[in-house]
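To find a chain, count down the sequence lines: A is the first, B the second, and so on, and within it residues start at 1. Bear in mind that the values here come from a model prediction, so they are computed numbers and not experimental data.
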Amino acid sequence: MPIPKLKDIKNWSVEFENQITSIWKESDQFAFNENTKKKIYSIDTPPPYINTPIHMGHAVTYSYMDFFARYKRMQGFEVLFPLGLDRNGLPIEMGAEKKFGITSFVVGREKFIEYCEKLLAETSVESIDSFAKLGISFSSYKQGKSIGSVYLTDAPEYRSVTQATFIELYKKGLVYEDNRINNWDPKLRTTVADAEIDYKELPSNFNDIKWKIKETGEVVVIGTTRPELICACGMVIFNPKDERYTHLEGKTAISPIFEEEIPISAHPLAQIDKGTGLVMMCSAGDLSDIQFFREMGLKTKISINQNGTMNERAGFLQGIKIKEARQKIIETLKEKGLLVKQVPITHRTPISERSGAEIEFIEMKEFYLKQLEFKEDLRTIAKKINFFPPESKKILDDWIDSVSIDWPISRRRYYATPIPLWYAEDLVALPIPGEYHVPWKESPQEEAEVFKAGKRIGIVKDFPKTDWKGEERVFDTWFDSSISELVLLKYKENNEFFKRAYPASLRPQGKEIVRTWLYYTILRGYLETGKPCFENTWIHQHILDEKGRKMSKSLGNTIDPQELLRDYGAEALRLWSAEEGDISRQDLSCSKDKIKAELKTITKIINVAKFIMQFEKPKGKPKSVTPLDQLMIDYMEEITKSTEQCYDNYDFWHPTLKLRHFLWEVFASHYLELVKNRAYNLEKKFSDLESESARYTLYYLLERYLLLVYPVIPQVTTVIAKELGIEIAKESFPKAILSKNDGLENIEKIMTFNKEVWKDKKDKNIPLREKLSGKEIPENLKAYAIDLQACHNLV
RNA sequence: GGUCCUGUAGUCUAGUGGUUACGACGCCUCGUUUACACCGAGGAAAUCACCAGUUCGAUUCUGGUCAGGACCACCA
């Protein structure tokens, strides 16, 4: 279907949009040209998860990214604006488990991955369709080898780059495996990073339990929420200022039931007014305990298994799940008269963000990527990246300050990038980077390098009889997504291009993933290249519901962008996104009424264009233009200038507000009314030159206006511009020619005068077209008298 | 607990050390004006959160209070 003609458009409609965007989607008109001589502007777009349709936040923020992309093209950049789809990790696994009613570790790895792939294959292309309907000008909507094609984070090409970077980090000695206490999610059976932990206030009991002092035989009472961990207690502490207990310093406590000798010491961590003031420090209580054990050099006492049950250390509790163990030990303590009392409290409990399970802290081997030693470097690197808005940099700085352990990068899950290693006794085989390796079901390459105690001692071929065992763990999803800009710019694949295009021009993303995606990307980019990975980063806030609350399924206040696209269309949604506020500075409240209302502006633009285009367009600029016309031209140049300045700082909000005001309040309501007569010139009241001046100016203003709003509402502007003989997608952004005209305030005065006249006529019940006598044109508006007189029929 | 942000008509917001505080959505009245009834003209609606201070003057600056939000944090 062809793109509609302006004369056939009465109201802008979703029907037209569907015609236009389906042509755009297939056209590849914004395909990235890697041989370009233009400067490259690359946008490291956040790959959304494919297994759920896009939400309001996506719709609005991708619209913004599209504003940026379209504007940068107008500025003469070759824009790389790829569509990526994130398909790795827990959300896919959880989706597969839910959809097919399976559990990963029950069906087995190979089978489970097939389920995940099945889910991904069946997942509708709804997300991609929604982006196309929004008119997002991605470099391509197709998968392929060329730069700018749609990329998938689980594709072998992507995963092979992830693995290649790991192989090199490993060789550089930046990766190490260590026995450490980890945040353990017993439900998903995996370690999780600090960044993936939420805290929830959950009801719990404070249990006051009797302990004995070895040296004196005295009985003390210790309060704890985790009595099942008595067997994991490494020290009992009290506050140094707590006079009740100073006599216990250096003495030994005997743990109830287990009868272990535990040292007692003063430590500021203990709070006098909390519980009984005595605290049992266990190596699996929570993060504070872990930190304490490290600090005091205590040996950890692990009492919890990876499946969430108690181990042999827990004696009679062995094999029982943690919560049941707590019940059981409380029973036992009661029986033995060791439980003094129970006080119900709410307890701030660490919760796995993804599964909702309570986090346990257990010791196991994991891979870590060194990051602590780079904190200072990262601060320096971050300073070289421009933040929009600048305040958002603080989120990153705060996070860098609070990073306290190296990054655990290994996970015990299935649908993710495998860690490319093989083992045989004390040997480690490291494959050649560049290919995708699946160690848990493949043998190592013949050429894979073999390391012993960190030293290269040959290749796999040299050890023919060795029985290699493939690594079974996978990478944390952030280990994949933190190289998005490298993959996008063809790191390790097209060195020439990479050298030319790195660092990426812009990273747009939400504030909530600054401490994950942005931080990790800066870290990885720095480790790979030693440079900042972005020139600019644009951090956005959130989309809220009409009343300013978070949208959530449980509140039932979600607004589905697919529905908005169907009812009001992309242009209205995009224009609303720009006009509602600056999403980099504040949350936007989403109102259907307001989005609907933006259709009026779209229609207004069409009607203004139709009106102007009924006149013949003068060829070239007339010898002279009238003062009123010149005034409007100068005003437009002023708007052009301020629009450009704002757009350059990713501010599309102030300009669209200003342009809206211009369209409705100045251009349509006043200027058009004033020059109508002169443009028609039916009664030949004006000279040909004056009439030509009007028509010239009308076209000038219309064309300029279209260019300025094109990045925000590309469809309407494209349709109108096409009939003006302009292919707007290929136009340059206009350069403002600022005049010395200091009479711009005259616009206000003219508007005030017009309003006065219209009110006069209404008060006197005179139709607007009829003559009005006795109204003097003020001295400072005499220059515009011919139009004022003709418009109002003043006599 | 710490840090930061916000508080302007029913809703969302702009803006300012100084006469009647911008606008949008919604609401009301009138009007079929020949680009547009997805229109035009007009109207109602805000003690600019509260308290104190600086000032001739504060919605605007400062401090505090209250409310909401975000991020961070070692409560056994």
Please classify the nucleic acid contact of A/Ile222 as base, sugar-phosphate, or nothing, using heavy-atom distances under 4.0 Å. nothing
Mind checking A/Tyr568 for me? I need base, sugar-phosphate or nothing, with any heavy atom below 4.0 Å counting as a touch. nothing
Counting the atoms with a prime plus P, OP1 and OP2 as sugar-phosphate, which does A/Trp653 contact under 4.0 Å by heavy atoms, base, sugar-phosphate, or nothing? sugar-phosphate
Students often get this wrong, so: under 4.0 angstrom with heavy atoms, is A/Lys610 touching a base, only sugar-phosphate, or nothing? nothing
With no hydrogens and no angle check, just 3.5 Å: does a side-chain donor-acceptor pair link A/Arg660 and A/Thr656? no
Go ahead and name the base partner of B/A45; Watson-Crick or wobble counts if both distances stay under 3.5 Å, otherwise write none. none
With a 4.0 Å cut-off on heavy atoms, is A/Lys676 in touch with a base, just the backbone sugar-phosphate, or nothing at all? base
If we take the P atom in both B/C74 and B/U13, what is their distance in whole Å? 34 Å
Hey, does A/Leu599 reach any base, or is it just sugar-phosphate, or nothing, if we go heavy atoms under 4.0 Å? base
Integer angstrom distance from the C1' of B/G68 to that of B/A35: 46 Å
Donor-acceptor under 3.5 Å (A/Tyr64 side chain, A/Pro508 main chain): no
Note: for A/Ser669 and A/Lys511 on RNA chain B, the residue whose nearest nucleotide lies more 5' is A/Ser669
Could you check which nucleotide pairs with B/G40 in any of the strands shown, counting Watson-Crick or G-U wobble with both distances under 3.5 Å? B/C30
Report yes or no: do A/Trp538 and A/Ser392 form a side-chain donor-acceptor pair below 3.5 Å? no
Scan every strand shown for a Watson-Crick or G-U wobble partner of B/A67, both distances under 3.5 Å, and answer none if you come up empty. B/U6
Between B/A9 and B/A73 - C1' atom distance, rounded Å: 41 Å
Under-4.0 Å side-chain N/O to phosphate OP1/OP2 contact, A/Lys600 with B/C36: no
When all nucleic acid strands are considered with a 4.0 Å heavy-atom cut-off, which category describes A/Glu512: base, sugar-phosphate, or nothing? nothing
Looking at A/Glu579 and A/Lys658, is there a salt bridge between them, counting it only when a charged N and a carboxylate O are closer than 4.0 Å? no
Nucleotide B/G15, atom C1' - distance to NE2 of A/His661 in whole Å: 14 Å
What is the distance, rounded to the nearest whole Å, between atom CD of A/Gln541 and atom P of B/U6? 11 Å
With no hydrogens and no angle check, do the side chains of A/Trp12 and A/Gln715 hold a donor and an acceptor under 3.5 Å apart? no
With a 3.5 Å limit on both atom pairs, tell me what B/U54 is paired to, counting Watson-Crick and G-U wobble, or say none. none
Nearest-Å distance once atom P is located in both B/U59 and B/C71: 34 Å
Please determine, for B/U11, whether a Watson-Crick or G-U wobble partner exists with both distances under 3.5 Å, and give it or none. B/A24
Is any side-chain nitrogen or oxygen of A/Lys592 closer than 4.0 Å to OP1 or OP2 of B/U11? no
Rounding to the closest angstrom, what is the interatomic distance between B/C39 and B/A45 at atom C1'? 24 Å
Any Lys/Arg nitrogen of A/Lys610 or A/Glu723 sitting under 4.0 Å from an Asp/Glu carboxylate oxygen of the other? no
Can you check the distance between B/A49 and B/U11, where both ends of the measurement are the P atom (answer in whole Å)? 14 Å
Heavy-atom nearest nucleotide on RNA chain B for A/Val279 versus A/Thr603: which residue maps closer to 5'? A/Thr603
Going by purine N1 to pyrimidine N3 plus the second Watson-Crick contact, or the G-U wobble pair, all under 3.5 Å, which nucleotide sits opposite B/C72? B/G1
If I pick the C1' atom on B/A21 and the same atom on B/A46, what distance separates them, to the nearest angstrom? 9 Å
Base, sugar-phosphate or nothing for A/Glu673? Non-hydrogen atoms, less than 4.0 Å. base
In whole angstrom, give me the gap between the C1' atoms of B/C30 and B/C22. 25 Å
Which part of the nucleic acid, if any, lies within contact of A/Ala609, taking any heavy atom under 4.0 Å across all strands shown: a base, the sugar-phosphate backbone alone, or nothing? nothing
So, is A/Arg660 close to the B/G23 phosphate, meaning a side-chain N or O under 4.0 Å from OP1 or OP2? no
A/His654 NE2 to B/G23 C1': how many Å, rounded? 13 Å
Below the 4.0 Å mark, does B/C71 have OP1 or OP2 next to a side-chain nitrogen or oxygen of A/Tyr519? no
A/Thr537 side chain vs A/Phe387 backbone, donor-acceptor pair below 3.5 Å: no
